[in-house]
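Everything quoted here is computed from the prediction, not taken from an experiment. Below, each value reflects all heavy atoms present in this structure, side chains not excepted, and no hydrogens, waters or symmetry copies.
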Amino acid sequence: MICHPVFLPGDELEHACDQLHDAERRKAECAASESSPGGIGIETETAEELFALTYSDKYKYGKKVWPKGKVIKVYFIDSHPHQNAVLDFAAEWSRHCSIGFAEVNDRRESEVRISFDRTLPSYSMVGTDALRVSKGERTMNLAVMDKGTILHEFGHVLGLLHEHQSPIKGIIQWNVRKVLETFQGPPNYWKPAQIKNQILDRHERESVMGSTYDMRSIMHYSFAKELILTIDGRPPLTSDIPFIEQLSPTDKLVVEKLYGPSGTKPPPSREDIGGEQHYDITAGEEMKFTFKSDPRHRRQYTIQTVGKEADLSLSLYGPYSEDQFIAAATDGGENGNPRIMQDLLPGRTYHILIRAFAKGGAFSLRISTVIRRFATAMPV
């Protein structure tokens, strides 16, 4: 199985939607943006814009994982007689990692928003891409209500991508003609670009963390054996790859590695920021810092890490709650260090989360400010 842990820096965006139909169809469902809690304006993209960016080479991958110990707030846009089963099935992921899911009744509090539109395919935003979609937009659609589909889409919520597109192991050589014939026909009616994006293309090697290829992963599509010439040069398949309805042992191990086992708590917050203070962080570890903005002036803050050793992501939250997302970055600073530039309200408490991915090491954290005399953007 592979996973694709990616945040969305402000000017670098990539996402993967499962079985997404054409952009014109998506355009019809775009709703008006709503403000986030407290009237704080956060720049977002519509589902249509995110869809269009899927096919652009301009954008590259970042890290899309949630903080460890996070409870993701889920809002149901419309009702379904069996909608209680959605979070019941999603809880199977929670038994193997520290991420939980909870229903909320206020759309403005939500982070994942689910519809049950049978005229659209099932799909989901990947990981924290959901935070960049306006509160008026769905982030997941469930066209069918079987366990396998729900587990698959919540795998995307956790940041996982399609197993059959792995660039690491299980390199599939496709019978391209048969793949195009199959998926351009019923029930999908996909365009060639969609088939390329959802099946034929491999994920960029530098963009994923991964394990060995897992044909039984919940993130693997089902395929007739005739569509596949060979996997890793082995003899042709003698049977179809079936529709998967449960998590594989590798699925469980990967999310545990990514988020820690069930019961893992968020890291304690620390306030020793600035100066020549250095911190050591190991691969997979998170560190949390709290600071208070200048009470006298509205300022633009630059928050960045400094160091050459660790592979880090940087996220900013606040000011009304510790999990109110503002921005995230994986680069933009010196030596590829993550950097966030953001206008902040005066006299408020903000929270910084730093995570090490493939490589840990020493780093320092630097916060600098500039007084904003004239309003150019809404502070948060």
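Asp294 meets the salt bridge (charged side-chain N to carboxylate O under 4.0 Å, His left out) test with Arg296, Arg299; sequence neighbours excluded. Qualifying salt bridge (charged side-chain N to carboxylate O under 4.0 Å, His left out) partners for Asp106, counting only residues two or more places apart in sequence or in other chains: Arg108. With sequence neighbours excluded, no residue satisfies salt bridge (charged side-chain N to carboxylate O under 4.0 Å, His left out) with Glu245. By the ring-ring contact (aromatic ring centres under 6.0 Å, His included) test, Phe116 is found to be paired with Phe76, His80, residues two or more places apart in sequence or in another chain being considered. Residues passing the ring-ring contact (aromatic ring centres under 6.0 Å, His included) test with Tyr75: none are found, sequence neighbours excluded. Shown here are the side-chain hydrogen bond (donor to acceptor under 3.5 Å, both in side chains) partners of Ser293, two or more places apart in sequence or in another chain: there are none. In terms of the side-chain hydrogen bond (donor to acceptor under 3.5 Å, both in side chains) criterion, Glu103 has no residue partners (sequence neighbours excluded). Under the ring-ring contact (aromatic ring centres under 6.0 Å, His included) criterion, Tyr259 pairs with no residue, sequence neighbours left out. The side-chain hydrogen bond (donor to acceptor under 3.5 Å, both in side chains) check on Asp88 picks up nothing, with sequence neighbours excluded. Every residue was checked against the salt bridge (charged side-chain N to carboxylate O under 4.0 Å, His left out) condition with Arg216, not counting sequence neighbours, and none meets it.
The shortest side-chain heavy-atom distance between Glu111 and Thr139 does not fall under the 4.5 Å cut-off. Side-chain contact check for Ile114 versus Ile77: every heavy-atom pair is 4.5 Å or farther apart. Between Tyr301 and Gln342 the shortest side-chain heavy-atom distance does not fall below 4.5 Å. Considering only heavy atoms from C-beta on, Met140 comes within 4.5 Å of Val157 through its side chain. Counting heavy atoms from C-beta on, the side chains of Lys68 and Ser98 come closer than 4.5 Å. No side-chain heavy atom of Leu353 sits less than 4.5 Å from a side-chain heavy atom of Leu316. Taking 4.5 Å as the limit, every side-chain heavy atom of Arg298 sits out of range of all side-chain heavy atoms of Leu345.
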task: Step by step, work out the side chain to side chain contact (heavy atoms under 4.5 Å, CB included) result for Arg339 and Thr302.
output: CA-CA 7 Å; Arg339 178 179 64 186; Thr302 299; 3.7 Å; yes

task: Give the C-alpha distance, both sets of side-chain angles, the deciding distance and a yes or no for side chain to side chain contact (heavy atoms under 4.5 Å, CB included) between Met287 and Arg270.
output: CA-CA 8 Å; Met287 298 181 73; Arg270 48 198 303 171; 3.1 Å; yes

- request: Verify ring pair (Phe, Tyr, Trp, His ring centres under 6.0 Å) between Phe223 and Trp174, making sure each step is shown before the conclusion.
  value: CA-CA 11 Å; Phe223 294 106; Trp174 298 98; 4.9 Å; yes

task: Decide side chain to side chain contact (heavy atoms under 4.5 Å, CB included) for His162 and His156; before the verdict, give the C-alpha distance in whole Å, the side-chain angles of both, and the deciding distance to 0.1 Å.
output: CA-CA 9 Å; His162 291 147; His156 284 318; 3.2 Å; yes

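Side-chain heavy atoms closer than 4.5 Å link hydrophobic residues (I, L, V, M, F, W, Y) into clusters, and following such links, possibly through other members, connects Trp93 to Met145. Linking ILVMFWY side-chain heavy atoms closer than 4.5 Å, directly or via other members, places Met341 and Phe291 in two distinct hydrophobic clusters. Criterion: ILVMFWY side-chain heavy atoms under 4.5 Å apart, direct or through other members. Under it, Tyr317 and Val104 are not part of a common hydrophobic cluster.
Side chain to side chain, Ser115 and Arg138 meet the donor-acceptor criterion of an N or O pair below 3.5 Å. Donor-acceptor pairing under 3.5 Å is recorded for the side chains of Tyr320 and Arg348. Neither side chain, Ser248 nor Ser217, offers a donor N or O lying under 3.5 Å from an acceptor on the other. Neither side chain, Asn141 nor Ser122, offers a donor N or O lying under 3.5 Å from an acceptor on the other. For the 3.5 Å distance criterion, the side chains of Ser110 and Arg107 fail to qualify, holding no donor opposite an acceptor. When only modelled atom types and interatomic distance are considered, Ser321 and Gln324 share no side-chain donor-acceptor pair under 3.5 Å.
Between the side chain of Asp311 and the backbone N or O of Lys359 there is no donor-acceptor pair closer than 3.5 Å. Under a 3.5 Å cut-off, the side chain of Glu309 and the backbone N or O of Ala362 do form a donor-acceptor pair. At distances below 3.5 Å, not a single donor-acceptor pair connects side-chain atoms of Gln300 with backbone N or O atoms of Asp343. Although no hydrogens or angles enter the test, the distance criterion places a donor-acceptor pair under 3.5 Å between the side chain of Gln165 and the main chain of Asn197. A donor-acceptor pair under 3.5 Å links the side-chain atoms of Asp117 to the main chain of Thr119, judged by distance alone. Glu256 places no side-chain N or O within donor-acceptor distance of the main-chain N or O of Leu253, the cut-off being under 3.5 Å. With Arg113 contributing its side chain and Glu137 its backbone, the two residues share a donor-acceptor pair below 3.5 Å. At distances below 3.5 Å, at least one donor-acceptor pair connects side-chain atoms of Glu163 with backbone N or O atoms of Asp214.
One distance of note links CE of Met219 with CG of Leu151; it measures 10.0 Å at 0.5 Å rounding. Separation of atoms OH (Tyr279) and CG (Leu312) is listed at 12.5 Å; rounding is to 0.5 Å. Here the CG atom belonging to Leu314 is positioned 9.5 Å from the CG atom belonging to Asn337, to the nearest 0.5 angstrom. Rounding to the nearest 0.5 Å places CD1 of Ile218 at 6.0 Å from CG of Leu247. Distance CD1/Ile273 to CD1/Ile352: 4.5 Å, rounded to 0.5 Å. A distance of 10.5 Å separates NE2 of His82 from CD1 of Ile150, quoted to the nearest 0.5 Å.
Between Ile172 and the choices Leu200, Ile199, Leu229, Ile228, the side-chain contact (heavy atoms from CB on, under 4.5 Å) rule is met once, by Ile228.
For Glu271 and Lys292, the salt-bridge test fails: no basic side-chain N is under 4.0 Å from an acidic carboxylate O.
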Using residues 177-187 as the side-chain source, report each donor-acceptor pair under 3.5 Å to any protein atom, sequence neighbours left out, with the distance given to one decimal.
| residue | atom | partner | partner atom | Å |
| --- | --- | --- | --- | --- |
| Arg177 | NH1 | Glu181 | OE2 | 3.0 |
| Thr182 | OG1 | Lys178 | O | 2.8 |

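Taking the six-membered ring for Trp and the full ring otherwise, the centers of His278 and Phe363 sit at least 6.0 Å from each other. Aromatic ring centres of His220 and His152 lie farther apart than the 6.0 Å criterion allows. Aromatic rings from His351 and Phe289 are positioned such that their centres are separated by 6.0 Å or more.
Between Phe154 and Phe101, the ring-plane angle classifies as perpendicular under the 30° and 60° cut-offs.
For residues 312-324, the salt bridge (Lys or Arg N to Asp or Glu O under 4.0 Å) pairs, not counting sequence neighbours, are Lys70-Asp323, Lys73-Asp323, Lys288-Glu322.
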